[in-house]
Number of protein chains: 2
Amino acid sequence: MSSIAVMASVDIVALRLDLQAQRLQVLLHRREREPHLGQWALPGVIVNGRTPDNSLDAAAARALQEKAQVLPRHLEQVGTEGNAFRDPRGWSLSTYYLALLDPAQVLDGEQQAFFDLDDLSARKVVLPFDHALLIQRACERLAAKSLYSSLPLYLLPARFTVLEALTATQACLGRTVNNTSLRKRLERLKDAGWVGDTGERIQPRLGRPQQVYEHLPHANGPFLFERSLLPEG
Amino acid sequence: MSSIAVMASVDIVALRLDLQAQRLQVLLHRREREPHLGQWALPGVIVNGRTPDNSLDAAAARALQEKAQVLPRHLEQVGTEGNAFRDPRGWSLSTYYLALLDPAQVLDGEQQAFFDLDDLSARKVVLPFDHALLIQRACERLAAKSLYSSLPLYLLPARFTVLEALTATQACLGRTVNNTSLRKRLERLKDAGWVGDTGERIQPRLGRPQQVYEHLPHANGPFLFERSLLPEG
DNA sequence: ACAATAGTGTCTGTTAGACAATATTTT
DNA sequence: AAAATATTGTCTAACAGACACTATTGT
């Protein structure tokens with residue numbers, strides 16, 4: 001068996017929206033073993049016949065649960081990176097998942113923390129293995145789906161305003177989004193029963209109060225729109 | 001190493017369009033080793049430190065090349081399936097790819113052949129492991145992308161007609177597609193430099209001759225349209 | 001001329017985007 | 001009343017779909 005086997009892991013790119021800063025943050029975890037012991041890295045677990053998982057998806061859920069006591073709003077497999085160079089111990093595979101968390105998500109202990117995605121992209125924080133690449137790929141998936149789906153709404157709390165939905169979408173896409181377009185999409189989601197109008201109002205410091213929307217229980221997966229958000233111009 | 005390692009393979013869902021039957025076919029290969037020796041299954045290779053591949057993508061290309069001497073028009077990773085049950089030998093992973101082949105693709109020898117996708121879906125041919133599931137997932141990916149991209153055109157020969165493009169798109173989607181919409185998409189692809197009008201004509205048995213389009217060299221990946229093809233009604 | 005097939009033109013509906021107009025609140 | 005902010009309405013553009021119309025060929 002050892003001659004035909006390979007090291008395999010599941011790694012999680014778990015994102016949280018910082019509503020004040022209007023930026024995405026990624027959950028990192030201090031490594032508890034060599035190589036790169038003590039460094040900040042993506043939370044992940046080894047998968048093999050001895051671990052208790054019945055499937056990759058179960059291993060992904062376990063990685064989030066064990067390393068960070070986190071239950072995601074959304075979890076999807078993005079891809080698998082495998083080559084001879086990504087791990088100093090030799091040929092290895094990482095199947096990596098995109099997880100979207102509640103913005104109120106808090107973490108226990110000093111072994112896990114959220115880092116601004118921008119700081120990671122700018123290499124202000126350097127990650128071991130190819131974890132920077134895995135984060136980049138997960139974010140590309142998120143941006144691509146945000147053009148034509150309601151995926152960004154999974155980054156919002158149960159009750160949210162139009163402007164918070166706009167903030168989430170813009171953070172996912174990395175660019176501004178037309179206010180009218182997003183409002184119309186929310187209207188369509190309301191008609192489709194995906195979100196509801198609570199009737200509640202939030203009073204900003206000044207001006208007209210904001211309507212408060214809420215997520216409604218529905219089938220799995222985001223709503224798919226027929227058209228993409230377009231580049232401005 | 002053996003205690004933390006797992007069996008991993010790359011499997012290829014390679015599709016060819018049968019233009020006459022207007023159906024998709026999948027490339028299968030007779031297994032050369034246990035388990036399921038001699039049965040028709042997806043072509044694939046084991047990945048581990050001893051195989052010569054530097055990456056998963058290289059392993060995928062090698063699987064197609066070694067098992068079937070095939071060079072695909074398009075190759076993309078779809079996902080990874082991993083659990084304790086898919087292989088009788090124990091916990092295993094399969095990273096599976098979607099490959100699109102030239103319809104003129106021919107095969108050497110008795111060890112590989114094309115099977116109609118419909119027959120596989122209808123369980124007229126039963127595949128080992130979870131290969132039926134991998135095929136289903138790959139086809140779902142193809143159908144999803146066919147709604148908003150030029151991916152089906154990779155199933156066509158270098159020179160093709162509008163009706164062949166329609167046939168390819170309908171085979172990918174599993175439903176009829178509006179003729180006018182597809183013609184307009186081809187016009188847009190022509191404007192974008194992805195296809196060209198050869199000026200050549202093909203004379204059907206009766207009636208007006210068909211224009212012949214051709215693929216033009218361009219950046220990797222299919223063209224992305226801004227809107228999806230819609231359900232009929 | 002007529003049948004058969006390919007291709008074009010026109011109209012409708014939907015929805016993203018731009019932006020003006022209106023509504024609701026605090027100061 | 002004025003300022004600030006949120007929300008609504010109106011207009012345009014792009015594009016999928018439906019379908020009528022025209023074009024080109026063989027018999």
Side-chain angles (χ1 to χ4, degrees), chain A residues 19 22 145-150 152 159-167 169-170 172-173 175-192 194-195 197-213 223-233, chain B residues 19 22 146-150 152 159-167 169-170 172-173 175-192 194-213 223-233:
Chain A
L19 278 164
Q22 310 203 59
K145 284 201 170 182
S146 296
L147 281 176
Y148 62 85
S149 81
S150 66
R159 301 160 85 84
F160 60 92
T161 67
V162 174
L163 292 191
E164 285 171 337
L166 192 65
T167 296
T169 306
Q170 293 180 152
C172 292
L173 287 173
R175 63 173 177 82
T176 58
V177 168
N178 185 282
N179 183 299
T180 310
S181 301
L182 195 88
R183 285 175 186 279
K184 286 177 181 170
R185 285 194 161 189
L186 277 178
E187 278 305 302
R188 215 160 316 129
L189 288 174
K190 201 168 72 174
D191 293 344
W194 287 59
V195 303
D197 192 337
T198 61
E200 191 186 333
R201 295 295 139 99
I202 289 180
Q203 184 54 50
R205 194 184 56 81
L206 204 66
R208 179 171 172 170
Q210 303 171 301
Q211 290 178 21
V212 177
Y213 289 81
F223 183 90
L224 299 181
F225 300 101
E226 285 168 2
R227 298 182 56 172
S228 289
L229 296 172
L230 304 175
E232 309 181 68
Chain B
L19 278 165
Q22 310 202 71
S146 297
L147 282 176
Y148 62 85
S149 80
S150 65
R159 300 159 86 83
F160 59 92
T161 67
V162 174
L163 291 191
E164 287 171 337
L166 192 65
T167 296
T169 307
Q170 291 179 154
C172 291
L173 286 172
R175 63 172 175 83
T176 59
V177 168
N178 184 281
N179 184 301
T180 311
S181 301
L182 195 86
R183 287 177 184 276
K184 287 178 180 170
R185 282 194 163 190
L186 277 178
E187 279 303 304
R188 218 161 311 132
L189 288 174
K190 202 167 72 173
D191 293 344
W194 287 60
V195 304
D197 192 338
T198 63
E200 192 186 335
R201 296 295 138 98
I202 289 180
Q203 185 55 51
R205 192 183 57 81
L206 205 65
R208 177 171 174 170
Q210 304 172 301
Q211 291 176 20
V212 177
Y213 290 81
F223 183 88
L224 298 181
F225 301 101
E226 285 168 1
R227 297 183 56 173
S228 288
L229 297 172
L230 304 175
E232 309 180 67

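Here the structure is a predicted model, which is why all the values come from computation and not from measurement. Within every chain, numbering begins at 1; the chains are lettered A, B, ... in the order of the sequence lines, protein sequences first and strands thereafter.
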* Asked: Does Arg188(A) make a side-chain N or O approach to OP1 or OP2 of dA16(C) shorter than 4.0 Å?
  -> yes
* To do: To the nearest 0.5 Å, tell me how far Gln211(A) CD sits from Arg201(A) CZ.
  => 5.0 Å
* Asked: Phosphate oxygens OP1/OP2 of dA4(C): is one of them under 4.0 Å from a side-chain N or O of Arg208(B)?
  -> no
* Please give, in whole Å, the distance from dT22(D) P to Asn179(B) CG? -> 18 Å
* **Ser181(A), nearest nucleotide to its side chain (from dT5(D), dG17(C), dA16(D))** => dG17(C)
* **Residue met sooner reading DNA chain D from 5', once Asn178(B) and Glu187(A) are mapped to nucleotides** => Glu187(A)
* **Whichever of Pro209(A) and Thr180(B) has its nearest DNA chain D nucleotide further upstream toward 5'** => Pro209(A)
* Structure fact -> Here the distance between atom P of dA6(D) and atom CG of Leu186(A), to the nearest Å, is 14 Å
* Asked: Counting only distance, no hydrogens or angles, is the base of dG17(C) paired donor-acceptor with the side chain of Lys184(A) under 3.5 Å?
  -> yes
* Asked: To the nearest Å, how far apart are Phe160(A) CZ and dA6(D) P?
  -> 16 Å
* Taking the side chain of Leu229(A) as its heavy atoms from C-beta onward, which of dT25(C), dA16(C), dA18(C) lies nearest to it? -> dA16(C)
* Between dG7(C), dT7(D), dG17(C), which one does the side chain of Leu230(A) approach most closely? -> dG17(C)
* **Lys/Arg N to Asp/Glu carboxylate O, Lys190(B) vs Glu187(B), below 4.0 Å** => yes
* Asked: Looking across every strand, which nucleic acid part, if any, lies under 4.0 Å from Thr161(B) by heavy atom: base, sugar-phosphate, or nothing?
  -> nothing
* Asked: Among dA6(D), dT15(C), dT7(D), which is the nearest nucleotide to the side chain of Pro204(A)?
  -> dA6(D)
* Is the shortest side-chain N/O distance from Gln211(A) to OP1 or OP2 of dT8(D) below 4.0 Å? -> yes
* Asked: With respect to the side chain of Arg205(A), which nucleotide from dT15(C), dC15(D), dA4(D) is positioned closest?
  -> dA4(D)
* Structure fact -> Ranking Gln203(A) and Arg227(B) by the position along DNA chain C of their nearest nucleotide, the one closer to 5' is Arg227(B)
* Quick one: Glu226(B) CD to dA16(C) C1', roughly how many Å, whole number? -> 9 Å
* Structure fact -> Which of dA6(C), dT5(D), dA4(D) is nearest the side chain of Leu163(B)? It is dA6(C)
* Distance in angstrom units between Arg175(B) CZ and dA16(D) P, rounded -> 13 Å
* Given dA4(D), dT7(D), dG7(C), the nucleotide with the shortest approach to the side chain of Val162(B) -> dG7(C)
* Are a donor atom and an acceptor atom from the side chains of Ser228(A) and Glu226(B) found within less than 3.5 Å of each other? -> no
* Asked: To the nearest angstrom, how far is Asp197(B) atom CG from dT8(C) atom P?
  -> 9 Å
* Where the side chain of Arg183(B) is concerned, which of dA6(C), dT22(C), dG17(C) is the nearest nucleotide? -> dA6(C)
* Asked: Honestly, is Arg185(B) close enough over Phe225(B), meaning NZ or CZ under 6.0 Å from the six-membered ring centre and within 45° of the axis?
  -> yes
* Using a 4.5 Å cut-off on heavy atoms from C-beta on, say whether the side chain of Leu163(A) contacts that of Asn179(A). => yes
* In whole Å, what is the span from the CZ atom of Arg201(A) to the P atom of dA6(D)? -> 13 Å
* Asked: Are side-chain heavy atoms of Asn178(B) and Leu229(B) found at a separation under 4.5 Å?
  -> no
* Could you check how far CG of Leu182(B) sits from C1' of dC15(D), rounded to whole Å? => 14 Å
